[in-house]
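I have placed the structure first, in the form of structure tokens, so that the comments after it can refer back to it.
Given the structure is predicted, the values throughout are model-derived calculations rather than measurements. Proteins come first, then strands; the chains are lettered A, B, ... in the order of their sequence lines, and each starts at number 1.
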Amino acid sequence: MGIRFILMVNKQGQTRLAQYYEWLTLEERRALEGEIVRKCLARNEQQCSFVEHRNYKIVYRRYASLFFLVGVDNDENELAILEFIHLLVETMDRHFGNVCELDIMFHLEKAHFMLDEMVMNGSVVETSKANILSPIQLMEKAS
Amino acid sequence: MHGMRGLSVFISEIRNCQNKEQERLRVDKELGNVRNRFKNEKVLTPYDKKKYVWKMLYIYMLGYDVDFGHMEAVSLISAPKYPEKQVGYIATSCLLNENHDFLRLAINTVRNDIIGRNETFQCLALTMVGNIGGRDFAESLAPDVQKLLLSSSCRPLVRKKAALCLLRLYRKNPDIVNVDGWADRMSQLLDERDLGVLTSSMSLLVALVSNNHEAYWSCLPKCVKTLERLARNQDIPQEYTYYGIPSPWLQVKTMRALQYFPTIEDPHTRRTLFEVLQRILMGTDVVKNVNKNNASHAVLFEALALVMHLDAEKEMMSQCVALLGKFIAVREPNIRYLGLENMTRMLMVTDVQEIIKRHQAQIITSLKDPDVSIRRRALDLLYGMCDVTNAKDIVEELLQYLSSADFTMREELSLKAAILAEKFAPDLSWYVDVILQLIDKAGDFISDDIWFRVVQFVTNNDDLQPYAAAKVKEYLDKSAVHETMVKVSAYILGEYSHLLARRPGCSPKEIFNLLHEKLPTVSTTTIPILLSAYAKILMHTQPPDQELQSQIWAIFNKYESCIDAEIQQRAVEYLALCQKGAALMDILAEMPKFPERKSSLIKRAEYSEADTAEQSAIKLRAQQQTSNALVVTDQHSANGATSPVPVGQLSLVKVPSMITTENDTSSDHTLSQQNGALSNVDPQPPSADLLSDILGPLAIEGPPDATVQSENNAASGLEGGSDAIDGSAIVPVEEQTNTVQPIGNIAERFHALCLKDSGVLYEDPYIQVGIKAEWRGHHGRLVLFLGNKNTAPLVSVQAIILPPAHLKMELSLVPDTIPPRAQVQCPLEVVNLRPSRDVAVLDFSYKFGTNMVNVKLRLPAVLNKFLQPIQVSAEEFFPQWRSFSGPPLKLQEVIRGIRPMPLPEMANLLNSFRIMICPGLDPNPNNLVASTTFYSDSKPAMLCLVRIETDPADRTQLRMTLASGDPTLTFELKEFIKEQLISIPTAPRAPAPAAAPPAAQPTPQIPPNDPAAILAGLLS
């Protein structure tokens, strides 16, 4: 089914956003996030962006203090996911203007709306930034 | 955050917490507060609810349980205003799982939003259902969602969500696309101009074709057209171009969809696609911009996968390997990783192995890469590309790497090295060397399986014994020895150290001292092995050594009162045995050869391959290739002799000398059968299985899909004909519920199993049912192997045997659940009471996710399994033949409609059913005479004699005479042979009137209400 979960984690390992596309219990999530964060944050710049963990492949990318971690099936196209992360960041940039950890923390709901416009049920819905952001812009105008 | 100050304050406070404990206190306080508000305040404003729900979501994200407020979250869905409704939908999809009761309560509200006029509401509802909708939603919403997706008045922003929502509903209940004309509409959807809708629809298509590509052939040219449109950058809005590349995501998805179609037949479509692929392969350059580079290589790797899948143009394939060869040597780690990964995938294509081998040195370098992800890929690739030609190099590299490898990889590494050493050893002494090195370097990671296996090989190969004994002695001489090494050396030295007795330092006493030194260092599981070794050493000491004897007896004495029962028992027994003198020699004689069986290591490796719930194209193919692999081929021929099974993994295992076969012909026969059974090693079953090929036309099963049938019809009239008859019978009774497609042809598998004793009875993407049978006289012992191929359990497993009246069958308990990747063995005892051609049926069902699968499978407990070939000489044959004077003991029939086949082929066919041809008895070279014995519970073994007279001028007819001492047997066996010879099995069901035996005809004796008989009748 493609994308299993998307995590945004700061360099202290604190979760800033978590969106799962398959049901895991809270215990499972906690354990999974802990293991993945430990594995990925320990890696350096010279290492590749893919980590195999259990049945998942984690595709991750670091932006300043924030890590974007995407869990996918083993046969997913890794580079496409890697660039999808960048598309997500660029979309957030366009909205927040140079997005940072605090934007995501204090505007969690907007981050969720954007993600919902981009991914549904583990598949990519939309890749045009204008289309992704238009519902949010409408909403802001209304309020 | 508009007007949710309380939330911002809370988040700030959490952020300022100094430690986890403070955070927990703050969270608990907030949860108490929210709980109170929900409980006590009669009227919470929607704004308040919204604020509290976001707090809950935030707390939940931090990893704290939130076990209340779910109702409030769900109730927000029905709020009239957008902001509250939105929170309701988002919170519901985050907090609840698809089976939550509250969700069911919301279905109506959700449906109203979906069919309503407000498109923002529609989007919210579709997104939530798309993320967590369950089966209930599938049943009540599918038609509405379909309508939105196909509607021409709906805007793209709604339709793209409808596509993915439908994908979710389809996964919950695949029947929702079983509507007339759905495939055509799917194909029309691919003409869509809006790339958002097209991207979502493509995901939907991938899911649909991964389950059933047959229905969606019409989508194939559309995919190629889409790809062409993207590749030529025609009509692609700027917003969908990513760093100059037209939506790389849609390109990747489209190529993924194409990988589920086995071939592309239309030459024009094919040419277009290959042009596009060629352009991608040649035209992807490395550029400075990282994002552009990644995006273009994402497309390139997908194109590589598609070319590999199509496996067509030789030139293009070598181009792919060349590209990958370049990639695995670049600096950029992502590309290196993907190069290795895709090379491993490429190994599936058989004729590139040699070209890949040219990169071996570079791959070995990657095994030492600083990045563990890359090392892992390199290990997998080396494992996959290993064969007899490079096994020595690769295994030695792995051994060398073992000492420096990360802890997390050592176990996998040593297991893989052990398997490769076993599979491809150029000679056995090398194999022993490798395993001992493994134990020496990574003893902690060597499971018992591995050292058991080496003992097994040494025991079975006399030449190897002195070598192995000398080798383990060398290891024991080292200062630090791993306990596993002590175990394996104790065993081997106990058995075989006497073979070294003349070498310096190898006297019984020296060997004993060497072993005994280790005793204080080992655990209680190893001590019994040491004690056995001492007893054996003592026995082999000739002439007896009094000093050694008293030393060893003293040790036994000491352990006689050991608290460990195993140690105590051995000590007591050995002490008592030692006093027996010469009798000791028999009791402590060398261990007998082990029966050959498939390596448990290799079995383990097959299981440990990870997989995911949805089948990838590559994986599906791999499964089809190795689908025989699960079944253990520990073969016994019917006469009980251990059969020589040089299991292919090790072609040099000597045939154990203790094999006895009753006569030459039957042992040949056994061998040829085994070659068939051994096809698990060879991806393509060898054509030694020619009997099942011959039986093919009789056995073709009609696939549930009509289009396939018509294709078969076109391909071969004969096959098509039998399709029409056979087809409806073998497909699962409730076609509708079975959307899971079996892998391979069920009927063919059954017919193959009628001839051999182990193999796969049934397989689909979730389960493999293997069978292994042993037949002895009228007894049969079958073992059903139920192997769960997934990482999720299979539940509601049921296996019911519907035996025909002539068989007594007892199936042991079948567990309700098969755990992930586990294999369950269910023994089934069979007793044959009477001769009959009726077939037992296994009614098998299980549930995977929401798929209920139910199949009725014929079991290969057929008449010929109770036959025992017997060679009859002329002196015995003719008096017998004459003593059966006529009907009903001797029946004769002229049979027409025979499948024309040369006489030797017919002889082979009979032999394979254990009816043995007796050459030279009939002077006419166009005739065959054969004999066999039939075993049943009710009567002693019955001799059956067969004579077949063929007409060289007309191969479609023959006259068959069959004789035995039991009228029922005569009739049944005649009918049985007839069924094997004629081309359409179901046609002449009733015996020819002339030959009909008067009273003894057994078939009608079966009560008409016997369900098994009816079912078996339907199936046969």
Is it the case that the side chain of [X] and the backbone of [Y] share a donor-acceptor pair, with hydrogens and angles ignored and the cut-off at 3.5 Å?
X        : Y        : value
B/Trp249 : A/Ala80  : yes
A/Ser123 : B/Ser203 : no
B/Asn334 : A/Ser49  : yes

Give a yes or no on whether a salt bridge exists between [X] and [Y], defined as a side-chain N under 4.0 angstrom from a carboxylate O.
X        : Y        : answer
A/Asp75  : B/Arg345 : no
A/Lys129 : B/Glu239 : no
B/Lys161 : A/Glu117 : yes
B/Glu341 : A/Lys57  : yes

What part of [X] is in contact with chain A, defined as an atom under 4.5 angstrom from a non-hydrogen atom: side chain, backbone, both or neither?
X        : value
B/Ile245 : neither
B/Ile90  : side chain
B/Thr127 : both
B/Cys123 : neither
B/Gln86  : side chain
B/Ser12  : both
B/Arg331 : neither
B/Tyr64  : backbone
B/Leu338 : side chain
B/Ile335 : side chain

With side chain to side chain contact (heavy atoms under 4.5 Å, CB included) as the test, would you mind laying out the steps for A/Glu109 and B/Tyr58 before giving the verdict? CA-CA 10 Å; A/Glu109 85 291 16; B/Tyr58 190 81; over 6 Å; no
Over all atoms of both residues, closest heavy-atom pair of [X] and [Y]:
X        : Y        : answer
B/Cys94  : A/Gln19  : SG-OE1, 4.2 Å
B/Gly63  : A/Leu26  : O-CD2, 3.6 Å
B/Leu164 : A/Asn121 : O-ND2, 3.7 Å
B/Asp371 : A/Cys48  : OD2-N, 2.7 Å

Taking side chain as C-beta onward, heavy atoms only, is B/Glu98 less than 4.5 Å from A/Trp23? no
With A/Leu79, which of B/Asn294, B/Leu300, B/Val299 fulfils side chain to side chain contact (heavy atoms under 4.5 Å, CB included)? B/Asn294
Taking [options] one by one, which has the highest count of heavy-atom pairs under 4.5 Å against chain B?
options                             : answer
A/Leu102, A/Ile81, A/Thr25          : A/Leu102
A/Leu87, A/Asn131, A/Val51, A/Thr15 : A/Leu87
A/Arg43, A/Arg30, A/His86           : A/His86

Between the side chains of B/Asn291 and A/Glu83, is a donor N or O closer than 3.5 angstrom to an acceptor N or O? yes
Using distance alone, with no hydrogens and no angle criterion, decide if B/Tyr242 and A/Glu90 have a side-chain donor and acceptor under 3.5 Å apart. no
Just say parallel, tilted or perpendicular for the rings of A/His112 and B/Trp54, cut-offs at 30° and 60°. tilted
Dump the intermediate steps for side chain to side chain contact (heavy atoms under 4.5 Å, CB included) on B/Cys165 and A/Met120, then the final yes or no. CA-CA 8 Å; B/Cys165 185; A/Met120 216 177 120; 4.0 Å; yes
Report the distance from atom CE of A/Met8 to atom CE of B/Met61, rounding to the nearest 0.5 Å. 10.5 Å
A/Glu126 vs B/Tyr240, side chain to side chain contact (heavy atoms under 4.5 Å, CB included): CA-CA, chis, key distance, verdict: CA-CA 9 Å; A/Glu126 184 57 81; B/Tyr240 284 98; 2.5 Å; yes
